[in-house]
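Have a look at the structure below before the remarks.
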Amino acid sequence: MLVSEPASPKRENTISNPESSPKHSESGTSDESSGTLRHRLLGPSIQKSGQDGVNQAAVSEIIYQASQGSKYFEHQKRKEKELTKKVESIVKQAAKVSNQELEAAEVRVDALIRQYEATRDLTQTIVHVDCDAFYASVEELDHPELKSKPFAVGKGVLCTCNYVARKFGVRSAMAEFVAKKICPELIVLRLNFPKYIEKSNAIRMILSEYDPRHCAMTLDEAYLNITEYCANMNKDREEVVSEMRRRIFETTGLTVSAGIGPNSRVAKIASNVNKPNGQCAIANDREAVMEFMCNLPVRKITGIGYVLERQLLALDVNSCGEIYRKSALLYQIFTDTTMTFLLNCYLGLGSTEVKPIDQYERKSVGCERSFRAISDMAQMKQKLQHVAEDLEKDCKRLNLAGRKLGLKLKKATFEQISRQRPMPRPINTASDFYRYGLQMLEKELPITVRLIGLRITDLVNLSHEGPMKTFLKGQRRHNDRLEDEPSTSMNIHAEFKELFDGSPDMHDDEEIGELVMIIQGSQEEDASGVIDDYRSSAKATAARDIKNEYELQHNTATPLMPVPESESLPLSTDSGDSATALVSCPICGNQVSADDQALNHHVDWCLSRGAIREAVKETFN
DNA sequence: GCGGATCAC
DNA sequence: TATGGTGATCCGC
Ligand SMILES: Nc1ccn([C@H]2C[C@H](O)[C@@H](COP(=O)(O)OP(=O)(O)OP(=O)(O)O)O2)c(=O)n1
């Protein structure tokens, strides 16, 4: 045996009558799930910090009244009804599981637990840093008078709000008009991304001193591995994090909260414990970790959202520890992946590896816009065109093309539809996006929509490995082959153009199709080194804010971050080394490969956008 | 492989 | 009057 048996707080191995339906007992009649519907409308933030003194019942009532009758409300109601049905079916299914089946499942679960337990690594110190009410806090720096007033940041829908506003029950993702009913004095500021990016970069600069390979997930969140730093400095980890937070505050005026633990999952959850402006450390000790996880409400676990929470609660699993108590039953009900996820949560296991964000490869890029519901084809074409143009800008900035195009529609009823098609060749121009998008849209007519979106997947990185290598491969390929395809030389020309310009233009269709075939052979494997498993969502999401935020603000896809992604990175599959040298980009502060070519390429990008950003800033000041 | 759903932020 | 945008992953066909 590799590991000792987990401290097992006994497990239920007999059927304990399912139904005493814990929460709101839904009598099957349609509208009587108004209890859970209120819960749904309240959104996820009820369990977030700053909600202590809030009169949830009163807030919930106002939200309910304000929403009632709207299309959105009706849609939520439908979804809630479906979920309730699903939950009831699960409960029924649970009741049918025999004791014999439970005993068999127990054996399997125990085997799984031993297997996962064997992977436990308590040698690393992982930190999760999370800025407090980030956008709002940045705004307070410029508007100190707002500190004592309830205010939020966003437009139409709130992105976040300060803690004063949270006392009223205001929260992120809430509709602005609803928020103002809850808190009539609420001030709502527009987003100002250049400011947030600047502050975020200042923070990342400090983080780099503690872990040059830190992983910045978004503008306001990052993981660090401070094992080495602590050892080198011979300092206690809590002292180190405390000092890091103090330095961040002193240089930026922003407060951050932090979680410290043996892996990213524990660190992430811990960072919420003493928010705002606090930290929480979980000892690198199995018992300490298990105890910390044990009493957590399941909804606090990253990856357990509203739906899974409902299902777990219905099975009488309220806390993380109860996952074990009911594990045999859960095994019979949930998929293997979900079961693995849940058991790893119960055990407090997670990733101990922190990799800089540029080692993750983007898998898709898309654009979508909401608007007043329309059904007129001319208007829809106009929206589609707009989205296509925006998507082209992003493709250009990222130097990507896609082999598949997806169309997303949201009907006036809020029902969503998505269609996806392989393209004859990788595409990255607005005209192609529009052309093929329109074909898909036409098949859905007649329709009334309130949102149109386009997304490409199966991406092709047109600057993969940098120009020179690609050029050489192109040469080889060109010589190897005799058949058709007229534009090989054009294609090579395109690469040279990039080499000299530093800022490649969109390639023509033919060129791209060609280029792709060349690059094809050199496609690398996914640099998949995940922070935790699938529900941890700690994947390559860093590019998101930057694109998102900048465009939301300016409606122009200015190159903000080249995000070199996996460009010029060694395969991580070969043995252990792969410790690519990294440096902080002096311009944007992000971690990039120290490799000369990659670095220069990246810096060029940053510089080229610098002027634009400055201009934008001026406009705003 | 596609479309629907769920989740994070 | 009225409820966002980007990206990832999983599941069931
Ligand atoms: N539905 C959401 C949730 C969040 N965000 C954005 C705005 C937030 O400022 C940022 C970070 O989100 P957090 O969940 O970390 O929340 P905050 O940092 O705003 O506050 P806190 O962490 O103090 O609770 O992500 C968003 O656009 N849409």
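Values reported hereafter were calculated over all heavy atoms of this structure, with side chains retained and with hydrogens, waters and symmetry mates removed. Letters A, B, ... mirror the listed sequences (proteins, then strands); counts begin at 1.
A salt bridge links A/K180 and A/E176; the closest N-O separation between the charged side-chain nitrogens and carboxylate oxygens is under 4.0 Å. A/K411 has no carboxylate O lying under 4.0 Å from a charged side-chain N of A/E444, or vice versa, which leaves the two without a salt bridge.
Going from atom NE2 of A/H75 over to atom P of C/dA2 covers 16 Å, rounded to whole Å. A straight line from CD of A/E368 to P of C/dG4 spans 10 Å, rounded to a whole angstrom. Summarising the geometry, the separation between NZ on A/K410 and P on C/dT6 is reported as 12 Å, rounded to the nearest angstrom. In this structure, NE2 of A/H128 is placed 10 Å from C1' of B/dC9, rounded to the nearest angstrom. Distance, A/D336 CG to C/dC10 P: 12 Å, rounded to whole Å. Distance A/R38 CZ to C/dT3 P: 20 Å, rounded to the nearest Å. For the pair A/I62 CD1 and C/dA2 P, the computed distance is 19 Å after rounding to whole Å. Separating the NZ atom of A/K408 from the C1' atom of C/dT6 is a distance of 9 Å, rounded to the nearest angstrom.
The salt bridge (Lys or Arg N to Asp or Glu O under 4.0 Å) pairs that include a residue from residues 445-454 of chain A number zero, where partners must be two or more places apart or lie in different chains.
Residue A/R369 places none of its side-chain N or O atoms closer than 4.0 Å to OP1 or OP2 of C/dG4. Dashed line: the shortest gap from a side-chain N or O of A/S364 to OP1 or OP2 of C/dG7 is not under 4.0 Å. Listed pair A/T218 / B/dC9 fails the phosphate criterion, with no side-chain N or O lying under 4.0 Å from OP1 or OP2. In terms of phosphate contacts, A/S172 brings no side-chain nitrogen or oxygen within less than 4.0 Å of OP1 or OP2 of B/dC9. Considering only side-chain N and O atoms, A/R450 lies under 4.0 angstrom from the phosphate OP1 or OP2 of C/dT3.
By the 4.5 Å heavy-atom criterion applied to side chains, A/Y346 and A/L330 are not counted as neighbours.
Checked against C/dG12, C/dT6, B/dA8, the side chain of A/R299 finds its nearest nucleotide in B/dA8. Taking only side-chain atoms of A/R455, from C-beta outward, the nucleotide of C/dG4, C/dT6, B/dG3 with the closest atom is C/dT6. Residue A/E82 places its side chain closer to B/dA5 than to any other of C/dT6, B/dA5, C/dT3. When distances are taken from the side chain of A/T302 to each of C/dC11, C/dT3, B/dA8, the shortest belongs to B/dA8. Checking C/dC11, C/dT6, C/dG4 against every side-chain atom of A/S370, the shortest atom distance belongs to C/dG4. Between C/dG4, C/dT9, C/dT6, one nucleotide has an atom nearer to the side chain of A/F414 than all others, and that is C/dG4. Considering only the side chain of A/L308, B/dC7 comes nearest among B/dC7, C/dG5, C/dT3. Side chain of A/T337, nearest nucleotide from C/dC11, B/dG4, C/dG4: C/dC11. Among C/dA8, C/dA2, B/dC9, the nucleotide with an atom closest to any side-chain atom of A/K363 is C/dA8. Of the candidates B/dT6, B/dG4, C/dA2, B/dG4 carries the atom nearest the A/R419 side chain, counting heavy atoms from C-beta on.
Residue A/S67 is classed as a base contact, given a heavy-atom separation below 4.0 Å to a base. Backbone-only engagement by A/Y306 is indicated by non-hydrogen atom pairs under 4.0 Å involving sugar-phosphate atoms exclusively. When heavy atoms are screened at a 4.0 angstrom cut-off, A/I417 is found touching the sugar-phosphate backbone but no base atom. Across all strands shown, A/A66 has no heavy atoms under 4.0 Å from either base or sugar-phosphate atoms. No engagement by A/G156 is indicated, since no non-hydrogen atom pair under 4.0 Å with the nucleic acid exists. Looking at heavy-atom distances under 4.0 Å, A/Q76 makes no contact with the nucleic acid at all. Among the atoms of the strands shown, only primed sugar atoms or phosphate atoms (P, OP1, OP2) are found under 4.0 Å from some heavy atom of A/K404.
A gap of 16 Å separates the C1' atoms of B/dC7 and C/dG4, to the nearest Å.
Among residues two or more places apart in sequence or in another chain, the ring pair (Phe, Tyr, Trp, His ring centres under 6.0 Å) test is passed with A/F168 by none.
Here the closest heavy-atom approach between residue A/T218 and residue A/R204 is recorded as O-NH2, 2.9 Å.
Ring-plane geometry between A/Y223 and A/H128 is classed as tilted, the angle between the planes lying from 30 to 60 degrees on a 0 to 90 degree scale.
Counting atom types as modelled, A/S70 pairs no side-chain N or O with a base atom of C/dT3 as donor and acceptor under 3.5 Å.
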